[in-house]
Trainee: 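Please read through the structure below; I'll follow up with questions.
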Amino acid sequence: MARIVGGFVAPHNPVMYFNPEGASKQQSDACYAAYGIMADRIKELEVDAAIVIGCDHYILFGTECLPPYVISTGEIEGPVDQLPGLKRKPLASHGALGEHIAKVGRETGFDWTVGRALNVDHSVAVPHHLMLEPTGKDIPIVAVMLACGVDPYLPMKRAWDLGEHIAEAVASFPGDERVVVIGSGGISHHVGDERMGEVNPAFDRKVLDIVARGDKAAMLALTDEEILRDGGNGAMEIRTYACAMAATRAAGGRVIGYEPVAGWVTGMGFAELEVAA
Amino acid sequence: MSRNTLEKVLYDLSTSGTHKKKFSEDPNKFLSRYQLDDKERALIREYKVRELADLGVNTMLTWGFWLQAGKSNRDYLKIMKREEA
């Protein structure tokens, strides 16, 4: 049976691409080094597939239909929001694993919206570019998109439950794939509002501490009001962290790096998640 | 006043080159296709991003709407902070 062998949380900051000089060389080097460490770990884990948990930025899904959570079950292409050095292209997809998770979900109370030929944005393409491609293996992915950027937001508890469901579904997949999950998102950041550029290291470290402790209760205790106040609208993306933590059974982890990069408008946190036996 | 159609317009403009072209060629004709009142059409035509955000329009859209027109990020932030751009 397939199994989840590792997990990570990491930012997907597009500003890194279109304004690389926004960070000091020291901060930029630290961030790219963190991505490199994670890529090395993924290679060491001999991974066969990755589940990348991202979130729409009002680029993929419009007012006509705003799904709470989406999973890829076929071809994947992206990012639709191309960046310098990151052009839109087909991404290797593990459609069978995505379809299996969706099927298990339909039978157990998780009515996934499925993308049979899914376009993704930078929230999936950036971790793919910086964490999976450097392994030198064309690791197929399952893309998961949570409603983190557009209301109605997926409740944190539902994101957690979704992660537990993913873990159970992967365990029943009829294959021997070694799978990693990646929770993709920045911590404090404000997207498009008057506080854009503010970063809150205290909030960022609080979130990373919760991740490192695998503290479900503390994660679920973060209210939307607190996140919006202390972390900004972009920080709603930490739902992807909750989902990844739950998918690895909240066994804790280690912080790989943290940089509050005002010029990149984001608290950039990186952590590896342990996987419960 | 509904933020829904305002968001629909901004989403369409941020995701479709065809829509962008039509809007830049004839904003009034483009906006006539949407369920907007005169005040709402003016907010979009005049890039009133602060007022749009105050109506509850998602700021990911207002930011993208501003930038796709080739306007500067510096001016956007001034307007959002209610400073003179």
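Numbers restart at 1 for each chain; the letters A, B, ... are given by sequence-line order, proteins then strands. This structure is a prediction, so every number in the text was calculated from the model and none was measured. Atom set for the values below is all heavy atoms of this structure, side chains included, hydrogens, waters and symmetry mates excluded.
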Trainee: Between B:Asn4 and chain A, which part of the residue has a heavy atom less than 4.5 Å away: side chain, backbone, both or neither?
Mentor: backbone
Trainee: For atom CD of A:Glu75, decide whether the heavy atoms of other residues, nucleotides or ligands shown that lie under 6.0 angstrom number more than 12.
Mentor: no
Trainee: Which distance, rounded to the nearest 0.5 Å, do you find between the CG of A:Asn233 and the CE of B:Met60?
Mentor: 5.5 Å
Trainee: Heavy atoms only: give me the nearest B:Leu77-A:Asp193 pair and the separation to one decimal.
Mentor: CD2-O, 3.9 Å
Trainee: Chain A heavy atoms under 4.5 Å from B:Arg82: which part of the residue, side chain, backbone, both or neither?
Mentor: neither
Trainee: CD of B:Glu83: more than 12 outside heavy atoms within 6.0 angstrom?
Mentor: yes
Trainee: Do any of residues 13-33 of chain B have a heavy atom less than 4.5 Å from a heavy atom of chain A, and if so, which, in residue order?
Mentor: B:Ser14, B:Thr15
Trainee: Taking every non-hydrogen pair under 4.5 Å, which of A:Glu64, A:Arg195, A:Met196, A:His57 racks up the most with chain B?
Mentor: A:Met196
Trainee: Find the distance between CD (B:Glu7) and CG (A:Leu66) and round it off to the nearest 0.5 Å.
Mentor: 8.5 Å
Trainee: Which distance, rounded to the nearest 0.5 Å, do you find between the CG of B:Asp12 and the OG1 of A:Thr63?
Mentor: 7.0 Å
Trainee: Quick one: which residues of residues 63-73 of chain B reach chain A at under 4.5 angstrom, heavy atoms only?
Mentor: B:Trp63, B:Asn73
Trainee: Provide the closest heavy-atom pair for B:Met80 versus A:Glu194 in the form atom of the first, atom of the second, distance.
Mentor: O-CB, 3.3 Å
Trainee: Under the 3.5 angstrom rule, does the side chain of A:Tyr58 hit a backbone N or O of B:Thr59 as a donor-acceptor pair?
Mentor: no
Trainee: Below 4.5 Å from any heavy atom of chain B, which atoms of A:Val80 appear? Answer side chain, backbone, both or neither.
Mentor: neither
Trainee: If we ignore hydrogens and angles and just use 3.5 Å, is the side chain of B:Asn58 paired with the main-chain N or O of A:Gly149 as donor and acceptor?
Mentor: yes
